[in-house]
Number of protein chains: 2
Amino acid sequence: MPNITIKDIARKFKCSPSTVSRALNNYEHTNIETRNTIQEYAQKMGYQRNSVSLSLLQKNTKTLGIVLPNISQFHESAMVEGLQSVLQPLGYLLNICVTNESYQLEKEYVERLMSNRVDGVFISIAQETYSEVRYEHLQTVMNRNVPLIFIDRQNGDKKTNCVSTDDYLGAYMATEHLINVGCKRIAHLRGPLGVNLAEQRFNGYRDCLYKYRFPIDESLILSANFKIESAIEPTKALFDLPNPPDAIFGVNDQVCFGAFQVIKEKGLKIPDEIAVIGFDNTPISEYFYPSLSTIARKSKPIGEEAAQLFLRQINEPSIANHIILPPELIVRRSSALAN
Amino acid sequence: MPNITIKDIARKFKCSPSTVSRALNNYEHTNIETRNTIQEYAQKMGYQRNSVSLSLLQKNTKTLGIVLPNISQFHESAMVEGLQSVLQPLGYLLNICVTNESYQLEKEYVERLMSNRVDGVFISIAQETYSEVRYEHLQTVMNRNVPLIFIDRQNGDKKTNCVSTDDYLGAYMATEHLINVGCKRIAHLRGPLGVNLAEQRFNGYRDCLYKYRFPIDESLILSANFKIESAIEPTKALFDLPNPPDAIFGVNDQVCFGAFQVIKEKGLKIPDEIAVIGFDNTPISEYFYPSLSTIARKSKPIGEEAAQLFLRQINEPSIANHIILPPELIVRRSSALAN
DNA sequence: CAAACAATTTCAAACGTTTGCATAAGGAAT
DNA sequence: ATTCCTTATGCAAACGTTTGAAATTGTTTG
């Protein structure tokens, strides 16, 4: 009932564990008959190699840590799938750790992962880590020469590996699109301060307005986090302005869904009275009514690229790489204006 | 740069590894001074216990396997959060494996998890496993006395542990609600054949109609899987009927979103001309227009209960438990009829 | 017959940690 | 001075596997 070991098999055949090990691993310099008998017996008894002992011996665990603020959004789960699709065939297992944006939890998880001697760590750092700028827990990862790959949310350091979307460009494209279809007063529901990704999107929005010589109206820039509910109050505030906007660029699709609700309650027409564009291309965005224009980021490819980056790191630990994937503008009904 | 070990520290202080081990673990019968010096030195050098060796010695890894068909839906990610919220504080790490409904992948993952000697396995079995009814890979888990806990999708066996929602009751409640608000021809977009959860929901629907002496009209029962797109064609087919339905019960919220699109294209009014109710209470369902009535299942509590079940299994491996959480009817606009 | 060789197997160490038992040193009581 | 106790440390085994080097056996060759 308990696990059968190589030693058990060795006892059974009155030979040494080494012989059993070599037989099970199909070594060339072993008698073909003993090999067969041992393999058959192992098969029959349901022998399964204890990877823990192997990990101890070979100093690698074929396990990777993935530390994420959350996994409830499409982007994250698609990214994990991307990682998996590359790494599962190579025999890696993924230890997924959800931090809920907590620094404390992130720190604990990273320590446990290191203690478990994972072969690499993928991390999208928590908002708290951002704002407090504390990277000691990550420093230890790097000190130990364990490949560390940032995803989406990097720290500023250029010596690190990271894979992300060109959020700045995406935001610029979204804003430019709204300008192109004739919007004059473009509001932005921005993400939390201190989160690089949100900052980049804000910058793209701001710089695009600047480029087209639109005024930057502070009253049109309101803060949300990435959740639906967080958009409700700011959106209401927008429409209470003496001079309300004719377009909204949301930091992600979720806040646009929140905005949609307010807009519909007000009885305003999308896109004629207010155009909306989001960011992320959540699967559901296509099925909203009206369908939501958005900036797509290549979620699964991000995971795949991150995996490749890790694999390269194993062989050539020196080179650090920044991979920035281009976003894509997806125009749907919520910004489909005639002009 | 490489990891510092207990032996290194022992060499440094010219003492035995046992002394270091005891010092680091704050054993009572150790000299308080040596204890302090060793602890300080370990701290300074960034010593971190190698859990792999400990796992080998103590035959437990403080790691759990979670095998899921996908993690892209709210229900799954919330469930994982539930697991985490209980198990993280106890020092467990979660190995999450996404099978994409593939039997082959599920089998490979379970084998790797067993080889890694995880302390327990949570599994929501893949559709392929269902249809082909092959459980050998799970049999080995049970043979080894590794706690195995089914989530959502169990096999029929009463000797197993499982946590799920009362899908039958939920479907019954949804159907009954539609009847109560006056619907006469209630269609069902059902889930894939062979998946227990989908079967249960179908049965609840059918039995409720039966109970209220409604005719069971086969032309009103069409198959989808759990994805948005899969609902488009069936919904169109429903409205091409000579006598179309006045209500739709979807196997989950996703198919309702798909149905919504078709309905809106047809220019039909929800709920007046066609009422809709889903299942799962996806966060977005509240923000659809009109907001979607649905049956909520307690996603996070499912994870929490499953975690508790695992903890109980460790102490008392004999008792098998079925925990079935009650669903909740959430009435929103999509079924808010006057009568 | 001795030497060389090939084929197969065993030995022993290693990975890092914990832990029951033994040991050592020192002090106190007899 | 012997015994006993206390306190602190060391020894050695154990967990399961792999692997370089050594050993064993049998066979061929000079």
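Fair warning: this is a prediction, and the values are worked out from it, not measured in the lab. Quick note on labels: first sequence line is chain A, next is B, and so on, each numbered from 1. For the numbers below, each heavy atom of this structure counts, side chains included, while hydrogens, waters and symmetry mates do not.
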Taking only side-chain N and O atoms of A/S21, does any of them lie within less than 4.0 angstrom of OP1 or OP2 on D/dT18? yes
Using a distance-only criterion (donor-acceptor N/O pair, under 3.5 Å, no hydrogens), is the base of C/dG20 paired with the side chain of B/R22? yes
Just checking A/I6: base, sugar-phosphate only, or nothing, at a heavy-atom cut-off of under 4.0 Å? sugar-phosphate
Between CD1 of A/I38 and P of C/dT8 the distance, given in whole Å, is 13 Å
Value in whole Å for how far the P atom of D/dA14 lies from CG of A/L56: 17 Å
Could you give the CG-to-C1' distance, from A/L24 to D/dT18, as a whole number of Å? 12 Å
With a 4.0 Å cut-off on heavy atoms, is A/S55 in touch with a base, just the backbone sugar-phosphate, or nothing at all? nothing
Would you say B/R22's side chain and B/Y27's backbone share a donor-acceptor pair under 3.5 angstrom? no
Polar pair under 3.5 Å, donor/acceptor by atom type, side chain A/S18, base C/dC11: yes
If we ignore angles and hydrogens, is there a donor and acceptor under 3.5 Å between the side chains of B/S16 and B/T19? yes
In whole angstrom, give the distance that lies between atom CG of B/N26 and atom P of D/dA8. 14 Å
Please tell me which of the listed nucleotides, C/dT8, D/dC15, C/dT19, lies nearest to the side chain of A/H29? C/dT8
NZ/NE/NH1/NH2 to OD/OE distance under 4.0 Å, B/E111 and B/K107: yes
In whole angstrom, give the distance that lies between atom CG of A/N60 and atom C1' of D/dT17. 13 Å
Where each residue is assigned the nucleotide of DNA chain D containing its nearest heavy atom, which of A/S51 and B/C15 is assigned the position nearer the 5′ end? B/C15
Below 4.0 Å: OP1/OP2 of C/dG16 and any side-chain N or O of A/K59: yes
Counting only side-chain N and O atoms of A/Y47, is one of them less than 4.0 Å from OP1 or OP2 of D/dT17? yes
Mind calculating the distance between CD (B/Q58) and P (C/dG16) to the nearest angstrom? 17 Å
For B/L57, which contact category applies under a 4.0 Å heavy-atom criterion: base, sugar-phosphate, or nothing? base
Are OP1 or OP2 of D/dG16 and a side-chain N or O of A/N3 less than 4.0 angstrom apart? no
Give a yes/no on whether any side-chain N or O of A/Y27 is located under 4.0 angstrom from OP1 or OP2 of D/dT19. yes
Side-chain N or O of B/T5 closer than 4.0 Å to phosphate OP1/OP2 of C/dC15: no
Spacing of CG belonging to A/N95 relative to CG belonging to B/L94, to within rounding of 0.5 Å: 7.5 Å
Look at all strands and tell whether A/K7 reaches a base, only sugar-phosphate, or nothing, counting heavy atoms closer than 4.0 Å. base
A/E304 side chain to A/Q308 side chain, donor-acceptor N/O pair below 3.5 angstrom: no
For the pair made of CD1 in B/I32 and P in D/dT7, what is the distance, rounded to whole Å? 14 Å
Is the distance from OP1 or OP2 of D/dT9 to the nearest side-chain N or O of B/T34 less than 4.0 Å? yes
Quick one: is B/S16 getting a side-chain N or O under 4.0 Å of the D/dG10 phosphate, OP1 or OP2? yes
Here the gap from B/R117 atom CZ to B/S55 atom OG, rounded to the nearest 0.5 Å, amounts to 11.5 Å
Whether B/R49 contacts C/dT18 is assessed here as follows: a side-chain N or O lying under 4.0 Å from the phosphate OP1 or OP2. Is that the case? yes
In whole Å, I'd like the distance from the CG atom of A/L54 to the P atom of D/dT17. 9 Å
